[in-house]
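Here's the structure, in structure tokens; my notes come after.
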Amino acid sequence: MMEHVGASLIYLLDPFVLAFAGIYAVMALGLNVQWGYTGQFNIGVAGFFAAGAYTSAILTTAPTDNHLGGFALPIVIGLAGAVVVSGLLALLIGLITIRLREDYLAIATIGLAEIIRLTLKNEDWLSNGTRGVFAIPHPFQGMPADERNLAYFVLVAVVVVGLYLLLERARRAPWGRALRALRERESAALAAGKNVDRFRLEAFVLGSAVMGLGGGLYAHFAGFISPEVFEPMFGTFIIWVMLIVGGAGNGKGAILGAFVIWWLYTFTTGLISLAPVKYATQLGALRVMLVGAVLIAILLWRPDGLLPESRDVGGKRK
Amino acid sequence: MLTDILQLLIYGILLGSVIALSAVGVSLIFGILRFAHFAHGDLMTAGAYFALFFMTATGASIWLAFPFAVLAAILVALAFDRVVYRRLRRTRPVILLIASIGVAFILRNAVLVIWGPDITVYESGIKPPMRFLGLRIKEDQLIIIIGTVLLVILLSLFLQRTRMGKAMRAMADDPDLARITGIDTDRVILWTWVIGAGLAAAGGVFLALDTRLQPTLGWDILLAIFAATILGGIGKPYGAIAGAMVVGISAELGAGLPGVFGADWSLTSYKPAITFLLMVAMLLWRPQGLVGGRA
Amino acid sequence: MTLLAAEKLRGGYGGADILNGTTLRVGASEIVVIVGPNGAGKSTALKALVGLVSLREGRIIFGDEEVTGLRADQLAARKLCYVPQEKNVFASLTVQENLEMGAFLRRDDFSARMEQIFDLFPVLKERRRQAAGTMSGGQRQMVAIGRALMLEPRLLLLDEPTAGLSPKFTEMIFTKIVEINTMGVAVLMVEQNARDALAIAHRGYVLVMGQNRFEDTGPALAANPEVAHMFLGG
Ligand SMILES: Nc1ncnc2c1ncn2[C@@H]1O[C@H](COP(=O)(O)OP(=O)(O)OP(=O)(O)O)[C@@H](O)[C@H]1O
Ligand SMILES: [Mg+2]
């Protein structure tokens with residue numbers, strides 16, 4: 001038992017685990033622009049995540065009859081495509097829904113994410129349906145597995161730090177302050193004129209584009225994607241839990257939350273591998289329950305998260 | 001062709017019935033507690049499985065298990081209200097919404113842990129459908145429609161005739177005014193969960209009876225329930241019922257009509273998308289609901 | 001005899017104080033009117049009396065009991081009933097159901113009281129099965145006042161009961177308020193129609209920036225040139 005706990009703990013520092021945590025951190029940073037900066041309630045994260053992942057996969061895989069493409073383009077182009085496509089998708093969705101109040105936006109975005117997932121599941125020509133897209137190229141293809149994972153983690157870490165600095169800058173700029181003003185007292189800012197919709201749309205598109213980038217990073221690391229990956233639990237919900245547990249509003253919270261939750265989730269995998277295979281599904285479900293319980297515990301006892309938004313720039317949310 | 005369309009209508013009413021039973025609760029909770037209750041679909045699932053549990057434990061029929069399922073779902077809802085929602089009531093409603101997503105995942109996965117991932121049915125064996133003027137309807141389906149009508153009648157007697165029912169409608173209209181008027185809002189909230197969860201369990205059992213039991217039973221239909229609620233106007237139980245019929249019928253017609261007109265493609269796998277697009281159109285066009293309610 | 005005494009109220013909505021030491025008193029069978037410029041804190045003062053605004057300072061005595069910090073429903077149970085300016089009826093409930101909800105706190109038979117209210121506002125009896133949301137502004141105001149009367153209050157708080165009403169309805173509401181007062185109910189109301197309101201008031205307050213500016217009998221205030229200049233359009 002003890003050595004299993006020990007092994008599980010060491011496993012947490014495995015680059016493979018860290019890289020996934022980092023990819024989730026990218027996604028949480030994107031969500032933070034929407035929820036943390038602007039108060040937009042997007043629970044269709046999975047839609048943008050999927051759009052990014054499939055775009056990058058289709059652009060970079062070798063030509064095949066299984067799905068659209070592949071176009072065998074370089075990975076950098078794939079990732080850029082992921083950002084552009086998910087950003088455009090967000091623009092389209094945003095133009096329709098940006099004025100909805102938060103709970104309606106929630107319902108609308110989760111519905112759109114489900115439509116995207118249904119499309120990917122049913123349109124074989126585009127996405128190879130439930131069989132998914134495989135043989136997605138890895139940027140460090142030739143290396144042995146360990147080094148490859150480590151290299152990818154470094155890549156992801158660089159992206160996370162870069163995004164953090166960039167988004168933090170945007171947050172402190174007049175643009176970010178305007179968003180915060182919108183979030184805090186919408187009515188007062190509304191009086192300031194038509195710019196409101198525009199600011200909100202920009203935040204929605206920016207956040208979704210970052211999620212798309214996360215999707216692309218996911219695809220090239222995992223090497224295989226299918227619609228199942230983008231079901232609400234792992235496509236959306238876990239990212240929300242990460243942001244809320246870490247603390248919405250500042251990027252540090254988003255990053256911390258991503259690692260804490262992914263570690264918690266992975267750590268329990270390690271322990272569960274002790275149990276008979278027969279119960280694997282049940283134990284997996286137990287872990288999801290645990291994530292749900294952590295979310296509720298945080299809402300009840302630490303509603304501002306582990307790293308609350310700093311008061312100097314932010315002001316506290318009500 | 002007319003028969004085909006009528007047949008689709010029957011399926012639409014059937015789907016609408018199941019949606020209606022849950023949408024009433026979502027609408028009341030939305031109006032009274034002011035948040036979109038994302039765990040409602042999973043409450044349906046729990047209800048459906050409670051019935052299964054009772055049947056396997058006692059060997060009783062589904063109809064004996066029905067009240068047990070309703071009761072158990074009510075207790076579950078009241079427990080979550082006590083432990084989670086009640087303590088968040090002073091925060092913003094959106095926090096309650098987030099919490100309800102957490103509750104949804106807890107409930108659904110609890111079902112998975114307890115009953116496993118396999119798809120099951122209440123009673124195996126295929127019963128041939130009854131035929132009537134060329135239309136097909138199974139006995140279970142007839143029972144579902146009649147059961148829904150009975151439950152709706154009971155609901156409306158409660159809402160129109162009893163002091164608590166009227167208070168519930170009042171609070172769904174305007175929670176602040178209800179409070180300052182001296183209505184016992186804690187009791188109204190308690191009854192809202194009783195009614196909402198009870199009807200959700202009924203809807204869950206009906207849905208499982210018509211299809212099959214699986215852990216995502218209710219979650220899969222949640223968007224349709226929200227669509228019905230918004231169509232009917234938030235806080236308006238009768239509106240929700242009408243909205244449910246619109247959603248159910250348009251989903252079945254939308255999915256089935258191309259085939260009736262000889263198309264070689266079908267939209268069946270996009271049924272959720274049809275209800276959903278209907279809802280987004282509604283949100284943009286008339287967020288206060290078709291007949292007007294609180295926006 | 002003083003029925004309500006609110007002393008030196010300070011407080012607001014979380015930001016800067018809106019009430020800066022307001023003091024209000026209402027005698028047992030008085031009609032008291034609060035007038036003042038827009039944003040003076042008149043509505044806030046009423047809300048503070050029924051616990052809808054949190055007070056930093058001050059205390060409120062009703063009857064012989066201190067009621068500072070009690071909630072609106074607790075005050076309703078003590079027969080202090082409040083009618084907000086807007087959203088003051090249950091729109092999808094019928095007139096009669098609105099009145100029944102007003103009596104929610106009563107466990108006794110309130111049918112006699114309902115008849116009394118129907119006598120006061122005969123149009124409500126005619127329309128008792130109509131949804132309140134479908135009625136005209138003046139009729140909705142009657143429903144709202146009627147609902148508050150169901151608990152047989154000793155003091156009725158009214159926030160601009162004539163706002164947005166035609167002169168005909170305005171006059172009729174004021175007549176009804178006098179009638180209610182003669183039934184033994186004290187009334188504290190905020191009014192924009194200052195001249196008409198002061199004409200029926202025993203006393204009045206002029207509130208400016210959350211402070212008492214003037215306080216006098218109704219006719220005296222109406223005659224005060226400074227007040228007249230400020231609010232009475234001349
Ligand atoms: N719910 C609220 N939250 C924050 N501030 C508020 C709220 N309601 C009113 N205020 C502010 O409090 C101040 C006083 O408002 P109040 O409604 O009491 O004025 P009033 O004297 O009733 O004016 P009016 O004649 O316009 O009704 C105003 O500056 C207003 O902006
Ligand atoms: Mg006012």
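Protein chains get the first letters and strands the later ones, always in sequence-line order, with residue 1 at the start of each.
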Between [X] and chain B, which part of the residue has a heavy atom less than 4.5 Å away: side chain, backbone, both or neither?
| X | result |
| --- | --- |
| A77(C) | neither |
| A76(C) | side chain |
| V89(C) | backbone |

What's the spacing between F90(C) CZ and M171(B) CE if we round to 0.5 Å?
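Output value for this atom pair is 9.5 Å.
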
To the nearest 0.5 Å, what is the distance between CG on L52(C) and CD1 on I180(B)?
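The CD1 atom of I180(B) is 6.0 Å from CG of L52(C), to the nearest 0.5 Å.
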
Between R107(C) and R163(B), is there a side-chain heavy-atom distance shorter than 4.5 Å?
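Yes, at least one pair of side-chain atoms sits under 4.5 Å.
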
Note, E97(C) side chain near Q160(B) side chain (heavy atom, < 4.5 Å):
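They are in side-chain contact.
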
Can you tell me which of I183(B), D184(B), L177(B) forms the most heavy-atom pairs within a distance under 4.5 Å of chain C?
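Max contact count across the listed options: L177(B).
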
Heavy-atom contact with chain C under 4.5 Å, split by part of D176(B)
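The answer is neither part of D176(B).
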
With a sphere of 6.0 Å drawn around [atom1] of [X], does it hold more than 12 non-hydrogen atoms of other residues, nucleotides or ligands?
| X | atom1 | answer |
| --- | --- | --- |
| D64(C) | CG | no |
| W191(B) | CH2 | no |
| R187(B) | CZ | no |

Of the non-hydrogen atoms in [X] and [Y], which two are nearest, and what is the gap between them?
| X | Y | answer |
| --- | --- | --- |
| L93(C) | K166(B) | CD2-O, 3.9 Å |
| A167(B) | M101(C) | CA-SD, 3.5 Å |
| R147(C) | T181(B) | NE-OG1, 3.8 Å |

With a 4.5 Å cut-off on heavy-atom pairs, point out which of R71(C), K87(C), M150(C) contacts chain B the most.
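The answer is K87(C).
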
Between the side chain of D173(B) and the main-chain N/O of S92(C), is any donor-acceptor distance below 3.5 Å?
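Judged by distance alone, yes, a pair lies under 3.5 Å.
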
